[in-house]
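A, B, ... follow the sequence lines: proteins, then strands. Residue 1 opens every chain.
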Number of protein chains: 2
Amino acid sequence: MPVAAAAPLPTKRRQASEARRRAILDAAFEIFIAEGFKAARLDDIAKRAGVAKGTLYLFSRDKEDLFELVALDMVAPVLERLTLLAQQTDLPFAALLTGMFSLFEREVLATKRREIFRLIIAEGARFPTIAKFYHREVISRGLALIGGAAGRAHARGEISSDALARYPQLLFGPLLISVVWRSLFEPYQPLDISGMLAAHRDMLLGPAAAKAREP
Amino acid sequence: MPVAAAAPLPTKRRQASEARRRAILDAAFEIFIAEGFKAARLDDIAKRAGVAKGTLYLFSRDKEDLFELVALDMVAPVLERLTLLAQQTDLPFAALLTGMFSLFEREVLATKRREIFRLIIAEGARFPTIAKFYHREVISRGLALIGGAAGRAHARGEISSDALARYPQLLFGPLLISVVWRSLFEPYQPLDISGMLAAHRDMLLGPAAAKAREP
DNA sequence: ATATATTGACTGACCAGCCAGTCAATAATT
DNA sequence: AATTATTGACTGGCTGGTCAGTCAATATAT
């Protein structure tokens, strides 16, 4: 009995097609980031992807559809990691924070992926589909993860306040700040983002925990 | 010698012109907010302002110039208030926070002005002029105000941590969050913004101050 | 040889900016 | 005070360029 008979083996064509798909998504991401939705030109995306304009229409219905594909494609890896983190329900709260911040710094802030949030904020109002998707798949998951963990940590006495359990959004403020700062204000006033995130972490954990950081 | 010969008194013409200027700026704000820079049509702006398209060019050099005028015009009143707050250097820190948050809730979050930040984030990367202006006139002032006050409060023992003095950006995270939430995610998950800001304030002041809130 | 994937010139809608013309408000003249 | 001349703010139809989307022709794989 063949192991994977259902899925047809990749032929030369399929492989080439998949490569083109990636090239197109990457190119589209770059151009959308640089120009915004309306100002982005499909000619430029095609050129950058090394493909004719018509080819774009083999992968997406129209410009809007392409935009959604890009926005959705780019969070996939982060989503995966976030899910893994969420499964570790009995992690000490301090460790969870550290893990999350470091995931953020490595996988979002240090990569071009950091621009996604800017893009969502910029275009989200005009793309309810995207806003809704991001809320459902990323935002609400992140909030639930933090809110739940903070609640448990508060019950165990790890943290003194229940503010984070009630308003998990408070945790994400500085993350948003750091993304925006990088893109807009860094040139005029540099910001030690790692330092800021560490300070934020200490503040969330409360004074006691902050002292414990350096034994 | 005539007292004010240099400045010609406002005639009917000048008054009408000033009224049109306001109408144009307001209309442009609405359209830019709703559509973004590139997608906004000057025809629509003119129509909404009750003015012919050509008239727009009496007040601005081109579309880009108009955008800058709008972005700059809309913060003016907030800037003024912020300056007033900054002059009260010996306010207790808790009072400063309360004042600032309430200014934010009343003058930004509750008005259409709240959309400015979204606009800046959306278009700022393509309008260095705007990003620079906002950094110089709003961001850096707000940060200096908070950073300085937090440093003094820490020295006086009002707050236990010096994190806010070092990273005043931490204060603005939740403000940014609240603006974005309103515009993008409110429909899918309501958020008690006042509650969140109060919790944030307590967290910044530390546990002792939080208890003192209700005597 | 057939089927499928890719191309890129072309079309038509769209829109920023232009500019020749209009007319109410003011100034000059009688 | 009444009449005429001048100004310049305002108008809106037009133009030239731009660009999303199409499709007949071509290239490539099976």
Expressed in angstrom and rounded to an integer, what is the separation of A/Ile45 atom CD1 from D/dC19 atom P?
-> 12 Å
Does a side-chain N or O from A/Arg41 land closer than 4.0 Å to OP1 or OP2 of D/dA20, or not?
-> no
Step-by-step ring pair (Phe, Tyr, Trp, His ring centres under 6.0 Å) determination, A/Phe93 to A/His154 = CA-CA 9 Å; A/Phe93 191 61; A/His154 180 241; over 10 Å; no
Electrostatic pair A/Lys47:A/Asp43 at N-O distance under 4.0 angstrom = no
Output the distance between atom OG (A/Ser178) and atom CD1 (A/Ile193), rounded to the nearest 0.5 Å.
-> 5.0 Å
Carboxylate-amine/guanidinium contact B/Arg126 B/Glu123, below 4.0 Å = yes
note: A/Arg61, atom CZ; D/dG21, atom C1'; distance rounded to Å ~ 13 Å
Can you tell me the distance, in whole Å, between the CG atom of B/Asp44 and the P atom of C/dC15?
-> 8 Å
Considering only heavy side-chain atoms of B/Lys38, the closest of D/dG12, C/dT6, D/dC19 is D/dC19
In whole angstrom, give the distance that lies between atom CD of A/Glu18 and atom C1' of D/dA29.
-> 18 Å
Please state how far atom NZ in A/Lys63 lies from atom P in D/dT22, giving the value in whole angstrom units.
-> 14 Å
Check: B/Lys53 side chain, C/dG17 base, donor-acceptor under 3.5 Å | yes
Would you say a side-chain N or O of A/Thr55 is under 4.0 Å from OP1 or OP2 of C/dT7?
-> yes
So what does B/Ala40 hit on the nucleic acid, given a heavy-atom distance under 4.0 Å: a base, only sugar-phosphate, or nothing?
-> sugar-phosphate
Using a heavy-atom cut-off of under 4.0 Å over every strand shown, decide if A/Leu56 touches base, sugar-phosphate, or nothing.
-> nothing
Of the nucleotides D/dG21, C/dT6, C/dT7, which one has an atom closest to the side chain of A/Val51?
-> C/dT7
Are B/Asp44 and B/Arg48 within salt-bridge range, i.e. N to O under 4.0 Å?
-> no
Whole-Å gap separating P (D/dG8) and CZ (B/Phe59) | 15 Å
Proximity to the side chain of A/Asp62 - top-ranked nucleotide from C/dG17, D/dC10, D/dG21 | D/dG21
Touch check for A/Leu42, heavy atoms < 4.0 angstrom, all strands: base, sugar-phosphate only, or nothing?
-> sugar-phosphate
With nearest nucleotides of DNA chain C determined for A/Asp43 and A/Leu58 from heavy-atom distances, which residue corresponds to the more 5′ nucleotide?
-> A/Leu58
Rounded distance (Å) that lies between atom P of C/dA25 and atom CD of B/Gln15 = 12 Å
What's the OH-P distance between A/Tyr57 and D/dC19, to the nearest Å?
-> 13 Å
